[in-house]
Amino acid sequence: MQVQLPDGSFKDVPNDATVAQVAESIGKRLARDAIAGKVNGKIVDLTEKVPDNAKVEILTPKSKDGVDVIRHSTAHLMAMAVQELFPGTQVTIGPVIENGFYYDFGTDRPFSDEDLRRIEEKMAEIAKRDLPIKREVWSRDDAIKLFDKIGEKYKVQIIRDIPGDEILTIYRQGDWFDLCRGPHVPSTGRLGAFKLLSVAGAYWRGDERNSMLQRIYGTAWSDEKELQEYLKRMDEAKARDHRKLGKELGLFHFSNLAPAMPIFLPKGAVIYNELIDFVRSFYRRDGYSEVVTPLLWDTELFKTSGHYDNYRDNMFFSEVEEREYSLKPMNCPGDIQIYAMERRSYRDLPIRLANFARLHRYERSGVTHGLTRVRSFAQDDAHIFIAPEQIQAEIERELNLIKEIYDVFGFTDVKIGLSTRPEKRIGTDAMWDSAEKALEEALKKRGLSYQVNPGEGAFYGPKLDYQVTDAIGRPWQLGTVQVDYAQPERFKLTYIGADNSEHRPVMIHRAILGSLERFIAIIIEHFAGAFPVWLAPVQAIVLPLSEKFLDYANDTAAKLRQAGLRVEMDGSNEKLGAKIRDAQLEKIPYMLIVGEKEASSGSVSLRKRSGEQSSMSVDQFVSEARRAIESRALTL
Ligand SMILES: [Zn+2]
Ligand SMILES: [Zn+2]
């Protein structure tokens, strides 16, 4: 029989050949490296028989799918090690996650860091035993009996919940086995580049009414070098963690009295407001009008918008004077009220309403995280009302604006996704045709590359999504531009066309930075807390060499404040070295050291955060700093 290889070529193989035999027929080396296969798009064991004419790809540890197989097999390796070390511990599930895996164990005894080291050692030992990993097909009743007998009550529950017609498989290595769909590497000897990272409590099936399990997180890679590189990246990310830096730099705080609702401290509020001013500075040029609308609305509004029916689990409610109110989870319905206030003509369009209001969305306490997933946040939100034929021109303008804004942060590695019509949708095909075409034409006209995500659009219109890459190579989802045909319909919005009759406008929802809270988290990590001068909460600090120069230091600081800079003066009795160290820890861009020489000549000795040093007059420094601020320079 024949199989088709990834390069499109065909290969003759014996009838009933396994994936391993196909690998063998391609080459000795590939057969040695193979850990699994992909047959007609499905990842399978090396022992799987290949049907005639199948598309076959041999997976080695070097491929992404191959690494995932390694990760799941490493999760099994860990579960076996845990049960050898801690008999009586029950196994539950152990899926692959980004960069690694976890496994949830039923045990009364929480695992310590010391336990993790012991488990790692045991894993290495089992890997060395090079136990073959074998797949067995079991009947449901036998499988239940098997796990019941050894007291694995979670596994029994899992089997009971598997649909009746599904084939049950068990993977065995040595005398240990686990209920599992697979696939797995052929033997434990193929595993080794792993590390256990942390332990956390997790409820059985994610439900807090169930018992608490112990979840061990681990990472696994194709080889030791990749593992070490990953651990280095993790250390780097840890050092940049916005929760850690936010605390150290005094940017924000969380209170038990407002769970998952960030409190921006004076320094964090500087960044928050600078970002708003920055985005706002484009609004005059681009013809936006900023509006300010209530946070609390009668729920009638959200009944019309559909949020009450479809989004109420994420909304906060209150009742006053027997009327039901809700905090708005998004700005759109309120902004629509402004459009609907007046009779609109085609000559008024586009109407661009910008809104920086705070929004509230209920998120379960288990899923909130730092500034990236919160219950209270603001967006650089805008709602644009246009005639259908204006979509392309409007999107072109928006694409330019987004590029201008991202460039300022050094987000030049940008990926744009175009999500098109899903199966369940409103509107006619002609409507979707023209909207999708308008988005594509706009992208092409701006010379932007993009990826089409077929069927990923919302039911009410196609959209563009932006993903940027930060300074340490991590991708972040940022802006969205969403075409919406549904809300204008629900609120019966109209405008009078050139033909003097009523038409339905199209609405565009768009955010460029997205949630300001989340964006601040991203740039804290992107800049590692060392913000460009325009964003730095404290832009310069004056450091007098001794008490003798306090007056001159104060005068200098006052002069700089007069010039609009955010300045501090360190008048403490500390030695200069200690003052510089403190300023470095605060990541202040400019340190201005003043002593005898500076006081007598009206100058400052400038020491930049980057370590560069020079001497200049106060006026010269002011113009240098202002240049950096006004140009929003990324470097000092
Ligand atoms: Zn498994
Ligand atoms: Zn909206």
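For ligands, and for the atoms within them, numbers begin at 1 and follow the listed sequence. These numbers come from the heavy atoms of this one structure, side chains and all, not from hydrogens, waters or symmetry mates.
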As an exercise, state the distance from CE of Met330 to NE2 of His509, rounded to the nearest 0.5 Å.
9.0 Å

Hey, can you tell me if Phe519 and Phe411 have their rings parallel, tilted or perpendicular (30° and 60° cut-offs)?
perpendicular

Can you tell me if CZ on Arg364 sees more than 12 non-hydrogen neighbours from other groups inside 6.0 Å?
no

So, 2.8 Å as the limit: is an N/O/S atom of His184 located closer than that to the Zn ion (ligand 1)?
no

Which N, O or S atom of His509 lies nearest to the Zn ion (ligand 2), by name:
ND1

Looking from the Zn ion (ligand 1), what is the angle between NE2 on His76 and NE2 on His72, to the nearest 10°?
110°

Assess the side chains of Gln379 and Glu517: does a donor N or O sit below 3.5 Å from an acceptor N or O?
no

